[in-house]
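Throughout, residue positions are numbered sequentially from 1 according to the sequence presented. Worth knowing before you read on, the calculation uses all heavy atoms, side chains too, and leaves out hydrogens, waters and symmetry mates.
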Amino acid sequence: MAWAYLFIAGLFEVSWAVALKYTQGFSRLVPSLVTVIGMALSLAFLGLALKSLPIGTAYAVWTGIGAVGTAVLGIYLFAEPATAARLACILLILAGIAGLKFVA
């Protein structure tokens with residue numbers, strides 16, 4: 001169950017990071033609320049995962065999910081560059097996440 005909590009925490013990490021882009025410096029109410037709620041839920045689920053996962057593994061996977069998800073949505077939603085080098089780096093992060101899952 002800890003890995004499910006960690007995955008959910010990572011998804012909320014992505015949600016608040018993307019919502020932060022839409023806040024326009026916290027001047028828009030709804031995106032600002034989504035950002036703050038996403039942060040709180042992300043940390044809450046990370047806390048649940050940490051009950052049984054090592055902190056180094058959990059934190060690395062949590063930030064990795066956030067980084068990959070945010071980068072992919074940045075490409076999709078904000079027309080950020082999808083160069084071969086950037087996509088290769090995203091794949092390396094995914095490989096690291098998978099590796100940590102298998103050795104933890």
Side-chain angles (χ1 to χ4, degrees):
M1 195 64 182
W3 284 99
Y5 289 146
L6 188 57
F7 182 72
I8 293 166
L11 293 179
F12 280 116
E13 179 84 355
V14 173
S15 74
W16 78 254
V18 172
L20 184 63
K21 175 78 171 172
Y22 289 104
T23 67
Q24 296 178 356
F26 289 99
S27 64
R28 297 178 62 212
L29 179 62
V30 173
S32 297
L33 289 174
V34 171
T35 299
V36 172
I37 292 168
M39 286 176 171
L41 289 171
S42 182
L43 287 172
F45 278 100
L46 176 62
L48 291 172
L50 287 175
K51 287 183 176 182
S52 59
L53 293 175
I55 189 162
T57 299
Y59 185 76
V61 170
W62 177 62
T63 58
I65 292 169
V68 168
T70 304
V72 169
L73 286 177
I75 291 167
Y76 180 74
L77 295 173
F78 307 115
E80 294 176 358
T83 64
R86 187 171 187 187
L87 294 175
C89 290
I90 290 170
L91 287 174
L92 287 171
I93 296 170
L94 282 173
I97 292 170
L100 287 170
K101 166 69 171 113
F102 291 120
V103 299

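Within the model, atoms CG of Leu11 and CZ of Phe45 stand 10.0 Å from one another, a figure rounded to the nearest 0.5 Å. Residue Leu41 holds its CG atom at 7.5 Å from OG of Ser15, rounded to the nearest 0.5 Å.
Taking the side chain as every heavy atom from C-beta outward, Trp62 and Ser42 approach each other to under 4.5 Å. Looking only at side-chain heavy atoms (C-beta outward), Thr35 and Met39 come within less than 4.5 Å of each other. Residues Ile97 and Phe102 fail the side-chain proximity criterion, which asks for heavy atoms closer than 4.5 Å. By the 4.5 Å heavy-atom criterion applied to side chains, Ile75 and Leu87 are counted as neighbours. For the pair Trp16 and Val34, the minimum side-chain heavy-atom distance is 4.5 Å or more. Side-chain contact between Phe7 and Ile65 is present, with heavy atoms from C-beta onward closer than 4.5 Å.
The salt bridge (Lys or Arg N to Asp or Glu O under 4.0 Å) analysis of residues 57-70, with sequence neighbours excluded, yields no pairs.
Listed by chain and residue number, nothing satisfies the side-chain hydrogen bond (donor to acceptor under 3.5 Å, both in side chains) test with Arg28 (two or more places apart in sequence, or in another chain).
Within 6.0 Å of CZ on Phe26 lie more than 12 heavy atoms contributed by other residues, nucleotides or ligands.
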Listed pairs under 3.5 Å, donor-acceptor, residues 48-58 side chains, sequence neighbours left out:
none

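In this structure a side-chain-to-backbone donor-acceptor pair under 3.5 Å is missing from Thr70 to Ala67.
Ala60 and Leu100 make their closest contact through CB-CD1, 3.5 Å (heavy atoms, listed as atom of the first residue, atom of the second, distance).
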